[in-house]
**Q** 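Take this structure first; my questions come after.
Naming convention: chains lettered A, B, ... in sequence-line order (proteins, then strands); numbering from 1 in each chain. Note that the coordinates shown come from a computational prediction; the quantities given were computed from them, not determined experimentally.
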2 protein chains.
Amino acid sequence: MPRIHRRKRSPVHSARLGSRGRATRERLKTAARCVLDRKGYSQMTVADVTKEAGVAAGLFHRYFPDLRTLTIELLGEVMAELGDTARIERGIGRGDWWGRIRSHIVPSVENHALRPGLVRAMNQLADEYPPFRAQLRDFYKTQLQLLSAQMPRLFPEAKLSATEALLIAYALGGISEAALRERYILRNSALRELQFTPEEMADWLAMLVYRALFAANPPAGRLDGAARLLAVKARAPRPGKNGRSSRKATTG
Amino acid sequence: MPRIHRRKRSPVHSARLGSRGRATRERLKTAARCVLDRKGYSQMTVADVTKEAGVAAGLFHRYFPDLRTLTIELLGEVMAELGDTARIERGIGRGDWWGRIRSHIVPSVENHALRPGLVRAMNQLADEYPPFRAQLRDFYKTQLQLLSAQMPRLFPEAKLSATEALLIAYALGGISEAALRERYILRNSALRELQFTPEEMADWLAMLVYRALFAANPPAGRLDGAARLLAVKARAPRPGKNGRSSRKATTG
DNA sequence: GGCATAGTTGAATCCATATTCAACTACAAA
DNA sequence: TTTGTAGTTGAATATGGATTCAACTATGCC
């Protein structure tokens, strides 16, 4: 966590900047995006950013009070792009759950594939700075609620409360979160060798989410990269009366 | 990330410590466990630990070269306890997948419930220090491989490679990881109000994992807390020929 | 050109923490 | 009781950044 000291002479307000100033401010932001992606938030220093921007160290504080403020501004912009749920859901039929799930996962895969460092930085900042954590949570929540808000009506017999639905939504969100972190952020070499395209990755993850949610495979027509997964399923769809009967599923 | 400076006069080797020394070393470890749980790794300072232990600041370096070393020693011990997979799998029948999944999740839930801070600290340290990241990955991998190693044989028709199975295992691991983080580490207030016991939480998560893996509900006999989830499933088990047909699942 | 203002520089300073160490204390063996 | 050694203390010092600021430069306007 970049140390933040107390003194603070506030930077020049953006509105009072001339065009040269605005340009420099942008240069710093671009540099920061780059450093953030390379080193992550908790390793970033002011010197990293000014060096990357090709600018004297002291200039930083003319434009930003500290690294955290800059980072929040930056990541906020990324989130705004990503979180355009209207765009994500465009063209998805109301009952087309396979399509909906998949089209929520696709941009997330792309984001991890394209700027893994930024995703990591987001998590670091959220871990260290509660207000941003809240912001990030809201961001996810908005996404998750598109799913969880439907659940009670989708499965009336289960009598799910809104909160129970939320728990399920968080859990399902973890499916792609974990896989994408392992593949793109930690760059697990085995997973890299799979050479999945982002599309295929999205197919596989959407498949798992769909199955966890519906206890069934998605409609077979449009599975694309994930069709092979249809064969991943219990051998005996109707096991006997007690748990032991599932022993049949074993190999050998 | 606690700063680690260069100089370093190495601490007294454990073997040369008298009984008083060993006791103090333990006291520091206990204190560190406590601070770690309270503040996490990246906020912890040497002063925190010595203060908690009720000991002069300088004494720390007689026993440990730096915070990271101490933390690794500590978390390694926690992992050793947790990773006793022999114990976890004891008494589980070979084909009893519901039992196996559930009994892997239970200790993880307990760990989150009991010492959420330590789990968080593990992630922070792994994020900041690659060697520990490798160690942690190995730890999970051991667990995951109990699952992924079986998959190719479990679903021969899917022709899963070992790596593809691993991807699935990571993804499934994310289910409980995300839910437990949200509930116990971030202390999401809505989820807390659910008042799930660790047992119930484990039941729900195991249920979702089982479904994602087998595209079916687990055998009905032993679901305990999660029985209600059986009703969470697609209304039309055999949708028509193309994707659109799943529209039936919609409310209204 | 002369002037005013915005923008830039980097050496000086500040700060929170880590790390050392010389002096001190507690204990145990002789 | 003496004395040697392990253990402890906390003030002094070292570090790696962040932050400031007085001097400097570029730009645009008259």
**Q** What are the atom names and distances for every N/O pair under 3.5 Å that joins the protein to nucleotides 9-11 of chain C?
**A**
from: C/dT9; atom 1: OP2; to: A/A56; atom 2: N; distance (Å): 2.8

**Q** Starting at CE of A/M1 and ending at C1' of D/dG17, how long is that distance when rounded to a whole Å?
**A** 11 Å

**Q** Determine all donor-acceptor pairs shorter than 3.5 Å in which one atom belongs to a side chain in residues 166-175 of chain B; sequence neighbours excluded.
**A**
from: B/Y170; atom 1: OH; to: A/E182; atom 2: OE2; distance (Å): 3.4
from: B/Y170; atom 1: OH; to: A/N188; atom 2: ND2; distance (Å): 3.2

**Q** Return the value, rounded to whole Å, for the distance between atom NE2 of A/H5 and atom C1' of D/dA18.
**A** 5 Å

**Q** For the pair made of CZ in B/R62 and P in C/dA22, what is the distance, rounded to whole Å?
**A** 15 Å

**Q** Apply ring pair (Phe, Tyr, Trp, His ring centres under 6.0 Å) to A/F132 and list each qualifying residue two or more places apart in sequence or on a separate chain.
**A** none

**Q** When every nucleotide of nucleotides 25-30 of chain C is labelled 5' to 3' by its protein contacts under 4.0 Å (heavy atoms), B for base, S for sugar-phosphate only, - for none, what sequence of letters results?
**A** -S----

**Q** Report the residues that fulfil ring pair (Phe, Tyr, Trp, His ring centres under 6.0 Å) with A/Y41, sequence neighbours left out, ordered by chain and then residue number.
**A** none

**Q** Under 4.0 Å, counting only non-hydrogen atoms across every strand here, what does A/F64 touch: a base, just sugar-phosphate, or nothing?
**A** nothing

**Q** Within residues 27-51 of chain A, find the residues that approach DNA chain D with a heavy atom at under 4.0 Å, and present them sorted by residue number.
**A** A/T45, A/V46, A/A47

**Q** Expressed in angstrom and rounded to an integer, what is the separation of B/L67 atom CG from C/dA18 atom C1'?
**A** 9 Å

**Q** Closest nucleotide of DNA chain C for A/S19 versus for B/P2: which of these residues is on the 5' side?
**A** A/S19

**Q** Would you say B/T69 and B/D66 are linked by a side-chain donor-acceptor pair, where the criterion is simply a distance under 3.5 Å?
**A** yes

